[in-house]
Amino acid sequence: MAIVPVIQSAVSAQINKLYQVDLDPSSITVSETKPEFEGDYTVVLFALLKTLKKKPEELGNELGQALVAGNATLFSGFNVIKGFLNLAVSDSFWLQFLKEQYNDPQYGRHPRNGKRVMVEYASPNTNKPLHLGHLRNIFLGWSVAEIYKANGYEVVKTCIANDRGIHICKSMIAWQLFANGATPESTGIKGDHLVGDYYVKFGEELKKQMAPIIEKKQAELLESGKTPEETAKYLHDKKEELEKEAPIMKAAQQMLIDWEAGKPDVVELWRTMNGWVYKGFDETYKRIGANFDKVYYESETYLLGKELVEEGLRKKVFFLKDDGSAWVDLTKDGLDEKIVRRRDGTAVYITQDIGLAEVKKNEFNCDLSIYVVGDEQNYHFKVLKLICQKLGLEGADGIFHLSYGMVELPTGRMKTREGTVVDADDILDEMIRESELKTKEQGKTEGLSEEELKNLYEIIGTGGLKFFLVRVDPKKRMIFNPEESIELHGFTATFVQYTYARSQSVFRKELYTGGEIGAELLPLEKQLIITLERYADIIKQAGDEMNPSVIAGYVFEVAKLYNTFYNEHSILKAESPVKKELRLQINQMTAHVIKSGMALLGIRVPDRM
RNA sequence: GGACCGGUAGCUCAGUUGGAUAGAGCAGCUGCCUUCUAAGCAGCAGGUCAUUGGUUCGAAUCCAAUCCGGUUCACCA
């Protein structure tokens, strides 16, 4: 059992004994004592003063004495400063804890709880390669899934491939017009990039075709007496409408219609080009360790939800407007009216999502269904959950949108049009190249084979990127500074990995035996054990908050403290054999927690670097 | 205009149901390798916690208002 609840119970019990007052143990504030004070844990007394009708000093002293007397194996002393009761936990407690846990490979993980959770993440469009924003999504989603496993859940990782729609048709048209039959094989270009290139090509061609159309419209407007400002505004507002006049846009829209009609050559091309993209994605997924238990394809789900609209109309959750479109009124919930079926009878995005939510529930029956999607869709998911609840769908309450902020560059948002989008493969390559450079500079890898070296560069490079993207609170938008991301000092994966490698270098010389570890702890030894003790709690917190940055911060804290300890006390040249064994066990437990914590972030740690 | 999110050191970020003198990293400055890995350690310096008011033993944290930034409110996905 974790120590904080133990202390809370002890405090609660002593208060009951002393003052005959019943307090819920979890209501008692217990925190780690700040380093500038003596003691290990602090009970904050202020909140108790009123109910117990005591002065702070008085209560602190009475309670402190009772706690030490009543729990001799746990507490070794106390002091009271203002309203804070500082308790010293006896060394024997920590030594016992270390003895039991130092070599447990499952340490920190929680037992199975019988619950099942689905995590949907990544979910790319199939018309262009992955970029930095996807990476934040993927690292986050994958990590949250692992954190849920560590919290005792069974996890189903899913992905929805947005494989149909106007976006892919744009790539297809451009490919037909300009590619001369180019394929990934014939060009040597990775499939997702090749398809993406034609998506860009489409945009360029559209721009070309738009120039005369805009010019003509502009002349018309000015001639009809509009001011230049009015004209500019009109052109801006009606941009999309005007684009529909361009031949290449018309062709793309026709292609979408043909696709929905199942026109064989269109479907064939669609299949081929999506195939290239998937192959490209798979390569990227593989190098970053992303994986899915189940992939849904929008082309198979986009017609879902239509019966649910009928059902919603029957249940009066939805209503019809005069033109035949179906809506839901969410104004009472503080939102707006939202369309769920178009005038022409076709489903909209939200309708598909309602249908897919039902399919997911039927197929996997998860208690919780997490969607890792950017915060620009906050409104959408609020609506989705609300509609599912109103429809009375099973699992509606389990829908949770794990919303994360956009990744920006120091120069601002990434923009396709300005070519500032950071490509996932490019940035990974760069990180790995950089780690190779720095590793060679360090010159500590003598004796490793070519393959081991290549593996090492990858561990450091991809690990660095993952850590960088996952170390900040998901909710917040973050700034990606390329120079900072390849940094190897401070709050980085490399620092933590290096710390692990250090611990392993000790074990290459000598291993723990499981023998005697003595009866006393030096301050740094104790501090490290106290920090390691928090690991299970950290895993729980990260799960409750769906927040991997909790793990990242913790692992960094452990590494920092270990380095201080390592610098201050020699392990192999300890003062006595007992001390050596103690430190070897601390070394082992620290190494395990670092490795395990990093694994929850999808980051591997090397034995040497 | 409505809804939601954010504003903490020069920069990037932490800050547990409100608790002691608000913490890290980077950048800057000063020391420490004949030692288990210096990709490290120790130290110095750096703050109007956006602003104003309120709640109370106590507020970066809760409430209200204001300012600034972002997202969203499509018969797009």
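In the text below, chain A, chain B and the rest are named by the order of the sequence lines, each starting its count at 1.
Taking atom P on both B/G19 and B/G53, the two are 23 Å apart, rounded to the nearest angstrom. Spacing between B/A50 and B/C68 at atom P, rounded to whole Å, works out to 16 Å. Nucleotides B/U8 and B/G47 are separated by 15 Å at their P atoms, to the nearest Å. B/A3 and B/A64 are spaced 12 Å apart, taking the P atom of each and rounding to whole Å.
In this structure, A/Arg502 reaches the B/A38 phosphate: one of its side-chain N or O atoms is under 4.0 Å from OP1 or OP2. Using a 4.0 Å cut-off, some side-chain N or O of A/His489 falls inside it from OP1 or OP2 of B/G40. Applying the 4.0 Å criterion to OP1 and OP2 of B/A14, one finds that A/Lys476 has a side-chain N or O inside that range. For the pair A/Thr564 and B/A42, the criterion of a side-chain N or O lying under 4.0 Å from OP1 or OP2 is met. When the side-chain nitrogen and oxygen atoms of A/Arg413 are compared with OP1 and OP2 of B/U71, one or more of them lie within a distance under 4.0 Å. A close approach under 4.0 Å does occur between a side-chain nitrogen or oxygen of A/Arg342 and OP1 or OP2 of B/C76.
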Let me see the working for A/Trp270 and A/Tyr297 under ring-ring contact (aromatic ring centres under 6.0 Å, His included), right down to the final yes or no. CA-CA 13 Å; A/Trp270 170 78; A/Tyr297 295 91; 8.8 Å; no
Using the salt bridge (Lys or Arg N to Asp or Glu O under 4.0 Å) rule, take A/Glu57 and A/Lys82 through it: C-alpha gap first, then chi angles, then the decisive distance, then the call. CA-CA 6 Å; A/Glu57 291 274 334; A/Lys82 293 196 280 182; over 6 Å; no
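Here A/Tyr379 does not lie in a stacked arrangement on the base of B/A3, lacking the combination of planes under 30° and ring centres under 5.5 Å apart. Stacking between A/Phe46 and B/G19 is shown: the ring centroid lies under 5.5 Å from the centre of the six-membered base ring, and the planes differ by under 30°. With centroids closer than 5.5 Å and planes inclined by less than 30 degrees as the test, A/Phe84 and the base of B/A20 pass as a stacked pair.
Evaluation of atom-type donor-acceptor distances gives no pair under 3.5 Å for the side chain of A/Ser549 against the base of B/A14. With hydrogens and angles ignored, a donor-acceptor pair under 3.5 angstrom links the side chain of A/Thr29 to the base of B/U17. A/Asn86 contributes a side-chain N or O that forms a donor-acceptor pair with the base of B/A20 under 3.5 Å.
Taking the salt bridge (Lys or Arg N to Asp or Glu O under 4.0 Å) definition, one finds that A/Glu575 meets it with A/Arg583, sequence neighbours left out.
Both A/Ala501 and A/Ala47 lie close to RNA chain B; mapped to their nearest nucleotides by heavy-atom distance, the more 5′-ward contact belongs to A/Ala47. Comparing A/Pro474 and A/Thr494 along RNA chain B, the residue whose closest nucleotide (by nearest heavy atom) sits nearer the 5' end is A/Pro474.
The interatomic distance linking A/Leu45 (CG) with B/C57 (P) rounds to 16 Å, in whole Å.
Applying the Watson-Crick and G-U wobble criteria (two distances, each under 3.5 Å), B/C44 pairs with B/G28. Base pairing annotation: B/U72 forms a Watson-Crick or G-U wobble pair with B/G2, both donor-acceptor distances under 3.5 Å. Base pairing of B/A22: no nucleotide in any strand meets the Watson-Crick or G-U wobble criterion (both distances under 3.5 Å).
Within 4.0 Å (heavy atoms only), A/Lys338 reaches no atom of the nucleic acid at all. Note on A/Ser31: nothing from the nucleic acid sits closer than 4.0 angstrom, heavy atoms only. Heavy atoms of A/Arg608 sit under 4.0 angstrom from at least one base atom.
Here the shortest heavy-atom pairing between A/Leu465 and A/Met431 reads N-CE, 3.4 Å.
Checking B/A38, B/C36, B/A74 against every side-chain atom of A/Lys573, the shortest atom distance belongs to B/C36.
Taking the centre of each ring, A/Tyr371 and A/Tyr121 stay at or above the 6.0 Å mark. Here the two rings, on A/Phe556 and A/Phe495, have centers that are under 6.0 Å apart.
An anti base is found at B/C26: its glycosidic angle is more than 90° from 0.
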